[in-house]
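Comments concern the structure below.
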Amino acid sequence: MNPTLAEARSRGKPSPPPPPPKAADLLSWYDRHARALPWRIGPAARRAGERADPYRIWLSEVMLQQTTVKAVAPYFLKFTTRWPTVGDLATAAETDVMAAWAGLGYYSRARNLHACARTVAEQHGGAFPPNAADLSTLPGIGAYTSAAIAAIAFDEPIAVVDGNVERVISRVFEVGEPLPAAKAGIRALLQPLVPQDRPGEFAEATMDLGATICTPRKPACILCPWSANCRAHLAGEEEAYPVKAAKKERPVRRGLAFVARRTDGALLLRRREGRGLLGGMTEVPGSDWTARSDGEAVQPPLGVDWQEVAGTVEHTFTHFHLILTVHRAEIDRDVPAPDGTWWSPVADTPDEALPSLMKKAIEAAYPGATRPRPSQSPLADRAATNRKAK
DNA sequence: AAGACGTGGCA
DNA sequence: TTGCCAAGTCT
């Protein structure tokens, strides 16, 4: 709390609201402090007239939905190396896309990514539509992502509102309405600030500001180009914003997982159905996950001697916490895979679309069974080895 | 409109 | 350790 302001308030003299922030102040900060990210072209390149590649902007924005920059970076490099253009991605097999996405989470994004690539390739001649309204009709592209692509790749002067920007704007204007209801109002407050000349960099700048300066806790207001225009800062109440609706508690569900390993190391796997939780991803056989431990009703996939693994595997999803009891069995070479399942050779494990939860379950049964194959990077392998030994 | 939908990092 | 959360979208 700023002591001077606290005194002013205690004397009952509310300070007049500061002037609204200026895009120019933020952009000059951005010129000096823009983050260098794999999908960006820097301020210097933009000044030289370079344009961001819509494919790379789209891919990065979809990956970044509810996901950190740190988690996204290696996936972005993997995807752009393997599929350099939207046309390449459109012709990829969906199972390959799902497998490449495995570990990033929110797997409907991967399904929609592939569907979107095919739509762009087949119905738009391989070029993304250059405006937010048309972009938002494509699968997996909503209000935020359409605006971000339009602003960053096509210079459309549109307000781009993500979680970072919600925080910045709610502090600057002391928005008292809780999120997510406040979203429309926040967009309306931001739109007049968007400059006609550098809308893409303004979008990147507001997100950078939220990510590096106007952070959820302990914001670095001393470094902020908008601090003199920020009502929450002038009131010493930065962390009171954004106001958020109360969240519900997470229920617990339980289930059983069966990890069958053949004597040659192959694992028994199957595909999850549909569009729901982990939809279309690969899993080990198991029970449903319910509030009660009704796993007893489920038949193991093979009539063999199953051994319960000590301890449990726990995994927290967005809306529930899962406790999995894992069973394992060693299976002879000549046992065929039951209907709807297949034996996955050890060497193929990295190519399977295994979500993190399934890797945890397999690791609990047979440590090392999902270890990635040796790569060209001895450093990475050594780091992984050290982590395991710990 | 509110709930479904993953994961790993960090205080 | 436990909770919170990070560049949302879909239904």
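A note on names: the letters A, B, ... follow the listed sequences, proteins ahead of strands, and every chain is numbered from 1.
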Can you give each donor-acceptor pair under 3.5 Å made by side-chain atoms of residues 195-204 of chain A, sequence neighbours left out, with the distance rounded to 0.1 Å?
from: A/Arg198; atom 1: NE; to: A/Glu201; atom 2: OE1; distance (Å): 2.9
from: A/Arg198; atom 1: NH2; to: A/Asp31; atom 2: OD1; distance (Å): 2.7
from: A/Arg198; atom 1: NH2; to: A/Glu201; atom 2: OE2; distance (Å): 3.1
from: A/Glu204; atom 1: OE1; to: A/Tyr30; atom 2: OH; distance (Å): 2.6

Less than 3.5 Å apart, which donor and acceptor atoms pair up between the side chains of residues 213-231 of chain A and the rest of the protein, not counting sequence neighbours?
from: A/Thr215; atom 1: OG1; to: A/Arg217; atom 2: O; distance (Å): 3.0
from: A/Trp226; atom 1: NE1; to: A/Lys22; atom 2: O; distance (Å): 2.9
from: A/Ser227; atom 1: OG; to: A/Cys224; atom 2: O; distance (Å): 3.3

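Looking at A/Met63 and A/Thr67, their side chains never come closer than 4.5 Å, going by heavy atoms from C-beta outward. Proximity of A/Arg51 to A/Asp155: side-chain heavy atoms (C-beta onward) are separated by under 4.5 Å at one or more points. Looking only at side-chain heavy atoms (C-beta outward), A/Glu166 and A/Leu179 come within less than 4.5 Å of each other.
Partners of A/Phe320 under the ring pair (Phe, Tyr, Trp, His ring centres under 6.0 Å) rule, at least two apart in sequence or in another chain, are A/Phe317. Scanning for ring pair (Phe, Tyr, Trp, His ring centres under 6.0 Å) contacts around A/His327 gives A/Phe258, with sequence neighbours left out. Residues passing the side chain to side chain donor-acceptor pair (under 3.5 Å) test with A/Arg272, sequence neighbours excluded: A/Glu283.
One interatomic measurement links the two molecules: NZ of A/Lys244 to P of C/dC4, which rounds to 11 Å at whole-angstrom precision. Remark: P of B/dG6 and CE of A/Met281 are 9 Å apart, rounded to the nearest angstrom. Between A/Leu64 atom CG and C/dT9 atom P there is a gap of 12 Å when expressed in whole angstrom units. Atom CD of A/Glu166 and atom C1' of C/dC5 are 13 Å apart (whole Å). Spacing between atom CD of A/Glu314 and atom C1' of B/dG8 amounts to 16 Å, rounded to whole angstrom units. In this structure, A/Lys359 places its NZ atom 9 Å from P of B/dG8, rounding to the nearest Å. Atom CD in A/Gln66 sits about 9 Å away from atom P in C/dA6, given to the nearest Å. Nucleotide C/dT9 holds its C1' atom 10 Å from the CZ atom of A/Arg109, rounded to whole Å.
Contacts between residues 92-107 of chain A and DNA chain B, defined by a heavy-atom separation below 4.0 Å, involve A/Gly103, A/Leu104, A/Gly105, A/Tyr106, A/Tyr107, listed by number. Within a heavy-atom distance below 4.0 Å of DNA chain C, the residues of residues 141-150 of chain A found are A/Ile141, A/Gly142, A/Ala143, A/Tyr144, A/Thr145. At a non-hydrogen distance threshold of 4.0 Å, A/Met207, A/Pro216 from residues 207-222 of chain A come into contact with DNA chain C.
OP1 or OP2 of B/dG8 sits under 4.0 Å from a side-chain N or O of A/Ser356. Considering only side-chain N and O atoms, A/Gln65 lies nowhere under 4.0 angstrom from the phosphate OP1 or OP2 of C/dG8. For B/dG6, neither phosphate oxygen OP1 nor OP2 lies less than 4.0 angstrom from any side-chain nitrogen or oxygen of A/His315.
On a pure distance criterion of 3.5 Å, no polar donor-acceptor pair joins the side chain of A/Thr68 and the base of B/dG8.
Between C/dC5 and B/dG6, the distance separating the two C1' atoms is 13 Å to the nearest Å. C/dT9 and B/dG8 are spaced 22 Å apart, taking the P atom of each and rounding to whole Å. Taking atom P on both nucleotides, C/dA6 is separated from B/dC5 by 22 Å, rounded to a whole Å.
No salt bridge links A/Arg328 with A/Asp305; every basic N to acidic carboxylate O contact stays at or beyond 4.0 Å.
Judged by closest nucleotide on DNA chain C, A/Leu37 is the one of A/Asn112 and A/Leu37 placed further toward the 5' end. Nearer to the 5' terminus of DNA chain B, by closest-nucleotide assignment, is the contact made by A/Thr67 (compared with the other of A/Lys70 and A/Thr67).
The only option from A/Trp83, A/Trp39, A/Trp101 that meets the ring-ring contact (aromatic ring centres under 6.0 Å, His included) definition with A/Phe76 turns out to be A/Trp39.
For the residue pair A/Glu363/A/Thr370, the side-chain donor-acceptor check at 3.5 Å is satisfied.
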>> For a salt bridge (Lys or Arg N to Asp or Glu O under 4.0 Å) check, start with the C-alpha distance between A/Asp88 and A/Arg82, then their side-chain angles and the critical distance, and finish with the verdict.
In response: CA-CA 8 Å; A/Asp88 297 324; A/Arg82 188 166 174 185; over 6 Å; no
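Sorted by first then second residue, the ring-ring contact (aromatic ring centres under 6.0 Å, His included) pairs that include residues 135-191 of chain A, not counting sequence neighbours, number zero. Residue pairs that meet the ring-ring contact (aromatic ring centres under 6.0 Å, His included) test with at least one member in residues 50-73 of chain A, sequence neighbours left out, are A/Tyr55-A/Trp58, A/Trp58-A/Phe128.
Using a 4.0 Å heavy-atom distance criterion, A/Val69 is classed as a base contact. Contacts of A/Leu113 with the nucleic acid, taken as non-hydrogen atoms under 4.0 Å apart, are absent. As judged by a 4.0 angstrom heavy-atom cut-off over every strand, A/Arg111 is placed among residues making no nucleic acid contact.
Residue A/Val252 is found in a hydrophobic cluster whose other members, listed by chain and number, are A/Ile323; membership requires side-chain heavy atoms under 4.5 Å apart, directly or through intermediates.
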Between the protein and nucleotides 1-4 of chain B, which nitrogen or oxygen pairs come in under 3.5 angstrom?
from: B/dG3; atom 1: OP1; to: A/Lys248; atom 2: NZ; distance (Å): 2.1
from: B/dG3; atom 1: OP2; to: A/Lys248; atom 2: NZ; distance (Å): 3.4

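For A/Leu357, counting side-chain heavy atoms from C-beta on, the closest listed nucleotide (B/dT7, C/dC4, C/dG8) is B/dT7.
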